[in-house]
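Naming: A, B, ... by sequence-line order, numbering from 1 per chain.
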2 protein chains.
Amino acid sequence: MTDRRPSLDAVQLGVYFALMEVAGLLRHAVEQQLREAGDLSYVQFQLLARLGLDSPTGSERMTDLADGVVYSRSGLTYQAGLLEKAGLVTRTPSADDERGVTVTITDAGRALLAEVLPGHVEVVSRQLFQPLTRADTEALADLLSPVRDHMRSSPPRSAAPRRRR
Amino acid sequence: MTDRRPSLDAVQLGVYFALMEVAGLLRHAVEQQLREAGDLSYVQFQLLARLGLDSPTGSERMTDLADGVVYSRSGLTYQAGLLEKAGLVTRTPSADDERGVTVTITDAGRALLAEVLPGHVEVVSRQLFQPLTRADTEALADLLSPVRDHMRSSPPRSAAPRRRR
DNA sequence: GACGTGTGCTTCGAACTCGAAGCACTGGAT
DNA sequence: ATCCAGTGCTTCGAGTTCGAAGCACACGTC
């Protein structure tokens, strides 16, 4: 019988730390650029990108958005409020489910997104992909995908068990 | 002449998003475990781990710590204060440089670190490495290392230009 | 050895973040 | 039809985060 107690060897620890450090540094670099280019926080950019680029309709429900960007629901309410105040998105009650709120990107939102995107891409390109060959990038994609899928299968934040009353 | 304007293709975009999502989800999972096991935030754990595991002496200067965990200096002052109040680290003026502050992990800090580490490792192991083979892990290590080194070479946070007076 | 720029850390205020609790609607069971 | 547990979102309070400004020391030049 093998050791049930999982442990991490040096390589694994290295990967873990490197992953977190890379993500942290990248996020930082990106955050700075976004702040300068469009006065957006990273989260706000993520929300706009998700609505403007990933979603065919430009709309999504709050919870899906929150899970998509790995963010707390209450935090999303706050950020969505800011974006709405800035006229970049609109919030409307969902058609089918009266509880739900649908967030939709506005034309102004799309315009701002288009404005900051080149610089954003530039930073990511330089920081993340410069040291990687084409083949490296593809290898990385193949390695990260299963991990992401695996992690997603864990119950998402929104499914956090509620306190028993 | 190739296009000077960097752009990201679908694969690169996927890698970028996957990377950030994986890091975010992993951080979350780990954060929960740490909170339950030892009432530590992720940052606090990182600080203790860096002092207790990476540093031979168990000490490091504030700025190095801040850069190491990708964190603002002022934030580090705050967290170091909390850790000190909890008796997990000590802060003493540096011997050679009167401006510097050396942070050192205490025995209590080491004890707590040892206590939460197994659970931490367990979470990382399950969330991050379960879908990866041994070879995958090594490949990932080889891919992330150059990226991390590349990013580190950019001026660190602490070197942020100060406002001209 | 006095000056002045640079660096290390802290303080400060404002903004952000989170989970818990609360409110509103849904959908299945009775 | 009524209940009630489940879900979607917001509100709330407490804690955290950041950059800018401030203070103290270091190290170069003169």
Side-chain angles (χ1 to χ4, degrees), chain A residues 24 27-29 31-32 34-36 39-47 60-86 89 91-103 155-165, chain B residues 24 27-29 31-32 34-36 39-47 60-86 89 91-103 155-165:
Chain A
R27 180 175 170 140
H28 239 278
E31 214 147 40
Q32 269 184 301
L34 287 173
R35 186 70 63 188
E36 290 168 14
D39 209 45
L40 286 175
S41 72
Y42 180 63
V43 185
Q44 291 170 340
F45 170 78
Q46 275 189 302
L47 296 176
E60 251 187 288
R61 287 188 328 148
M62 293 285 282
T63 296
D64 296 337
L65 266 182
D67 289 342
V69 298
V70 190
Y71 207 62
S72 75
R73 284 140 161 266
S74 51
L76 179 58
T77 295
Y78 177 72
Q79 288 294 349
L82 291 185
L83 287 176
E84 186 176 37
K85 200 174 302 179
V89 305
R91 276 191 291 188
T92 55
S94 286
D96 49 335
D97 187 337
E98 199 62 34
R99 294 167 299 179
V101 170
T102 300
V103 182
R157 310 167 62 92
S158 47
R162 295 221 187 166
R163 212 173 72 83
R164 232 142 251 288
R165 63 167 56 186
Chain B
R27 179 176 170 139
H28 239 277
E31 214 146 41
Q32 270 184 301
L34 286 173
R35 186 70 63 189
E36 290 168 13
D39 208 46
L40 286 175
S41 72
Y42 180 62
V43 186
Q44 292 169 340
F45 170 77
Q46 276 188 301
L47 295 176
E60 248 186 292
R61 287 189 330 149
M62 293 284 282
T63 295
D64 296 336
L65 266 181
D67 288 342
V69 299
V70 190
Y71 207 63
S72 74
R73 285 141 160 267
S74 51
L76 179 58
T77 295
Y78 176 72
Q79 287 293 349
L82 291 185
L83 287 175
E84 186 176 37
K85 199 174 301 179
V89 303
R91 275 191 290 187
T92 56
S94 284
D96 49 334
D97 187 336
E98 199 62 33
R99 293 168 300 180
V101 170
T102 300
V103 183
R157 309 166 63 90
S158 48
R162 294 220 186 166
R163 210 174 74 83
R164 225 135 256 300
R165 61 169 55 190

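Checked against D:dT11, C:dT10, D:dG8, the side chain of A:Ser74 finds its nearest nucleotide in D:dT11. In this structure, of C:dG19, C:dC16, C:dT10, it is C:dT10 that holds the atom nearest to the side chain of B:Met62. Distances from the side chain of A:Thr63 to the nucleotides C:dG19, D:dG19, D:dC9 place D:dC9 closest.
Applying the 4.0 Å criterion to OP1 and OP2 of C:dG19, one finds that B:Gln32 has every side-chain N and O outside that range. Dashed line: the shortest gap from a side-chain N or O of B:Arg91 to OP1 or OP2 of C:dT10 is under 4.0 Å. At the phosphate of D:dG15, neither OP1 nor OP2 sits under 4.0 Å from any side-chain N or O atom of B:Gln79.
Considering only residues two or more places apart in sequence or on other chains, A:Asp97 meets the side-chain hydrogen bond (donor to acceptor under 3.5 Å, both in side chains) condition with A:Arg99. Contacts of A:Val69 classified as side chain to side chain contact (heavy atoms under 4.5 Å, CB included), with partners at least two apart in sequence or in another chain: A:Gln46, A:Leu47, A:Arg50, A:Tyr71. Listed by chain and number, the residues in a side chain to side chain contact (heavy atoms under 4.5 Å, CB included) with A:Glu36 amount to none (sequence neighbours excluded).
Protein atom CD of B:Glu31 is 12 Å distant from nucleotide atom C1' of C:dG19, rounded to whole Å. C:dT17 atom C1' lies 12 Å from atom OH of B:Tyr71, rounded to whole Å. The nearest whole Å value for the distance from the NE2 atom in B:His28 to the C1' atom in C:dT17 is 10 Å. Between the P atom of D:dT10 and the CG atom of A:Leu76 lies a distance of 8 Å, rounded to the nearest Å. Residue B:Tyr78 contributes atom OH, which lies 17 Å from atom C1' of C:dC9 at whole-angstrom precision. Separating the CZ atom of B:Arg73 from the P atom of D:dC23 is a distance of 17 Å, rounded to the nearest angstrom.
One finds the OG atom of A:Ser94 at 11.0 Å from the CD atom of A:Glu60 (value rounded to the nearest 0.5 Å). Once rounded to the nearest 0.5 Å, the distance linking CD of B:Gln32 with CZ of B:Arg35 reads 10.5 Å. Distance check, rounded to the nearest 0.5 Å: CG of A:Leu34 to CZ of A:Phe45 gives 6.0 Å.
In summary, of the residues considered (A:Arg61, A:Arg91, A:Glu84), a side-chain contact (heavy atoms from CB on, under 4.5 Å) with A:Val103 occurs for A:Arg91 alone.
Note on B:Arg35: nothing from the nucleic acid sits closer than 4.0 angstrom, heavy atoms only. Across all strands shown, B:Leu82 has heavy atoms under 4.0 Å from sugar-phosphate atoms exclusively, and none from any base.
For DNA chain C, the neighbouring residues in residues 95-102 of chain B, judged by any heavy atom under 4.0 Å, are B:Arg99, B:Gly100, B:Val101. Residues from residues 39-47 of chain A placing a heavy atom under 4.0 Å of any atom in DNA chain D do not occur.
Over its length, the helix from C:dG1-D:dC30 to C:dT30-D:dA1 turns its helix axis by 10°, as judged from the five terminal pairs at each end, rounded to 10°.
A 4.5 Å side-chain heavy-atom check between A:Val101 and A:Thr92 finds every atom pair outside the cut-off.
Counting only distance, with no hydrogens or angles, the side chain of A:Gln44 and the backbone of A:Ser41 share a donor-acceptor pair below 3.5 Å.
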Audit row: A:Leu82, A:Gln79, side-chain contact (heavy atoms from CB on, under 4.5 Å) steps and yes/no: CA-CA 5 Å; A:Leu82 291 185; A:Gln79 288 294 349; 3.7 Å; yes

